[in-house]
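Note sheet for the following structure.
The analysis underlying the following values was restricted to heavy atoms, covering all of them including side chains, and did not include hydrogens, waters or symmetry mates. In this text, all values refer to a predicted model and were calculated from it rather than measured experimentally. In what follows, every chain begins at residue 1, and chains take the letters A, B, ... in the order their sequences are listed.
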Amino acid sequence: MKTVRCSILGFGAIGQGVAEVLLMKKEYLKSIGLEVLVVAVVDSKGATINPEGVDLADCLARKRTGGTVAIEKLTGVEVIRSVDHELVIETTPTNIVTGGAGLQNMFAAFETGKDVVTSNKGPLTLKYGELMEAAKTAGSNFRFEATVGGSMPIINLANEVLAGNNLRSIKGILNGTCNYILTRMLEERASYKDILAESMELGIAETDPTYDVEGIDTACKLVILANAIFGLDATYKDVEVTGITKITPEALEMAYERGHVIKLIGEVSRERIHVAPRLVPINHPLAVRGTLNVASIDTELAGEITVTGKGAGPIETASAILSDLVAIYGNR
Amino acid sequence: MRVSMDIELKDVPGQMLLALQPLSEFKANLITVLHHHQKRTPRKTVPVQLVLETKPENIVAIKAKLEENGIRVVRVGEQRFRESINVVLIGHVVHTGIQDTIDEIDKTGFAEVVDLSLCMPGINLLSSALIRIDAVGKEDLQKALDILKEVSVKKDLLMVLPIDIHA
Ligand SMILES: NC(=O)c1ccc[n+]([C@@H]2O[C@H](COP(=O)([O-])OP(=O)(O)OC[C@H]3O[C@@H](n4cnc5c(N)ncnc54)[C@H](OP(=O)(O)O)[C@@H]3O)[C@@H](O)[C@H]2O)c1
């Protein structure tokens with residue numbers, strides 16, 4: 001049995017999802033020879049630490065009733081530096097302007113020779129090259145499947161499963177909120193504003209939906225794909241971005257009458273990174289509905305490969321984090 | 001019938017007139033003239049591409065008349081629209097002159113707007129239009145889209161293109 005000691009930095013929707021999945025998958029992990037021991041859980045107020053392994057069920061209960069897991073006033077970086085472990089699971093909020101706590105956490109993790117698995121796009125969109133370099137210098141593993149498309153496998157699919165194929169482009173819907181809004185506008189023949197309000201009520205759109213509806217979130221995910229799959233050194237500035245705020249129900253309806261839906265499509269190739277609303281034939285593999293994400297990879301040998309799945313949600317996203325964890329420590 | 005005609009003019013004044021005279025004589029409707037001023041053929045002539053609308057039975061006579069006028073006719077072909085796409089435009093479509101936008105494309109001769117649906121939900125609300133553009137070939141379609149893109153930027157219209165088009 002191999003023991004993997006890890007910290008969970010950020011204990012919001014995703015951090016808690018990871019805790020639940022680790023509890024749920026304890027037996028499975030054992031069956032592949034892994035014992036995952038969470039030695040620290042950190043939120044914005046502080047940390048719970050136990051070198052023998054914290055009680056995850058208790059952390060979840062305390063977070064849900066008391067709003068925090070903080071027992072000791074330590075930050076993520078302090079935990080990384082002072083508590084012995086191999087893996088940092090980084091699930092703090094995305095900040096694409098400064099990189100936020102996530103960027104500090106990742107650099108600190110690599111400085112101390114730790115592996116990182118994350119769902120946090122911010123640091124990767126800002127400083128992909130530097131982070132990769134730091135991971136490489138430290139000999140650390142760095143995996144981030146959960147940053148793009150939530151549960152939907154795309155980075156590992158392209159780089160590992162499709163290894164050897166020359167990939168030409170990836171096109172898809174990488175933001176569930178925009179997909180939901182456009183789907184509902186057509187169904188209800190309702191205005192962008194009304195459906196946005198509905199999405200907020202349902203918790204599908206955030207209170208400040210700017211990043212989603214202006215296409216910024218999609219652009220960030222494309223930057224990660226451009227760097228991780230196409231080997232570019234791109235940042236957000238390299239993306240041409242148009243969002244969905246101008247889309248009208250009339251446009252959706254006219255398009256539908258001619259057999260098309262309108263979707264916010266992200267597209268990345270070595271030549272170009274681009275986000276814009278596009279006309280998609282109703283029976284096209286990318287014409288998925290609701291909050292689903294989807295991506296089509298244009299490959300040299302295998303033709304078009306399309307994957308679709310839930311782009312968000314705690315358990316769904318934790319599934320991608322778990323697969324990264326197993327990819328690093330399983331069978332070794 | 002719509003015909004495209006590649007001709008070559010000698011590089012001396014008055015040639016264009018000699019080229020156009022047979023067209024008016026046979027009442028052909030001239031749609032575009034692409035005059036490649038900078039280009040020269042190996043024969044030192046200037047290549048010109050004409051697109052015209054005329055009765056099929058007049059084509060042979062027009063060609064003969066051009067040659068009589070000393071103009072080399074390199075190629076005559078029926079112009080067919082092989083490419084077709086739908087494009088959505090959103091914004092103050094009518095307000096900013098939809099007809100202008102259509103004219104810009106129609107006057108190329110190699111592409112035209114063949115269908116237009118328009119929806120204006122109310123004053124101060126964004127209008128939406130769906131247009132179909134037919135073009136002779138893929139490159140022509142791309143050129144038509146470039147024109148449309150330029151117009152859209154100028155008029156602050158959102159242009160929604162099909163997914164398989166290189167935007
Ligand atoms: N939600 C999804 O479906 C989804 C899908 C894919 C990727 N992601 C990404 O995953 C990450 C987490 O998302 P989420 O939905 O779980 O966000 P969230 O619910 O807002 O949780 C963020 C967590 O990070 C904690 N935190 C904030 N600042 C911190 C700091 N300086 N140090 C340590 N912890 C800090 C917060 O503490 P408090 O609890 O004390 O506020 C909270 O526990 C984000 O980067 C997001 O973009 C989310």
Full working for salt bridge (Lys or Arg N to Asp or Glu O under 4.0 Å) between B:D164 and A:R278:
CA-CA 9 Å; B:D164 51 359; A:R278 302 289 283 268; over 6 Å; no

Residue pair A:K246, B:L126: steps toward the side chain to side chain contact (heavy atoms under 4.5 Å, CB included) verdict:
CA-CA 8 Å; A:K246 266 188 163 186; B:L126 295 178; 3.9 Å; yes

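Atom CD of B:E139 is surrounded by 12 or fewer heavy atoms from other residues, nucleotides or ligands within 6.0 Å. Counted within 6.0 Å of NZ on B:K143, heavy atoms from surrounding residues, nucleotides or ligands total more than 12; the atom is thus considered enclosed. Atom CD of B:E25 is surrounded by more than 12 heavy atoms from other residues, nucleotides or ligands within 6.0 Å. Under a cut-off of 6.0 angstrom, the local environment of CD in A:E201 is sparse, with at most 12 non-hydrogen atoms contributed by other residues, nucleotides or ligands. Atom NZ of B:K155 is surrounded by more than 12 heavy atoms from other residues, nucleotides or ligands within 6.0 Å.
Of all heavy-atom pairs between B:S128 and A:A251, the closest is OG-N, 3.6 Å. Across every non-hydrogen atom of B:N86 and A:H260, the tightest pair is ND2-CE1, 4.0 Å.
For the salt bridge (Lys or Arg N to Asp or Glu O under 4.0 Å) test, residues two or more places apart in sequence or in another chain that qualify with B:E8 are B:R43, B:R72. Applying the side-chain contact (heavy atoms from CB on, under 4.5 Å) rule to A:A320 yields the partners A:E145, A:A146; only residues at least two apart in sequence or on another chain are considered.
The backbone N or O of B:I163 sits less than 3.5 Å from a side-chain atom of A:K171, completing a donor-acceptor pair.
In summary, of the residues considered (A:E257, A:E253, A:R258), a side-chain hydrogen bond (donor to acceptor under 3.5 Å, both in side chains) with B:S117 occurs for A:R258 alone.
The greatest number of non-hydrogen atom pairs below 4.5 Å with chain B, out of A:L279, A:T248, A:I247, is found for A:L279. Comparing B:L89, B:L125, B:D156 by how many heavy-atom pairs each has under 4.5 Å with chain A, the most go to B:D156.
For A:P281, the part lying near chain B is the side chain, with the backbone staying farther off; criterion is any non-hydrogen pair under 4.5 Å.
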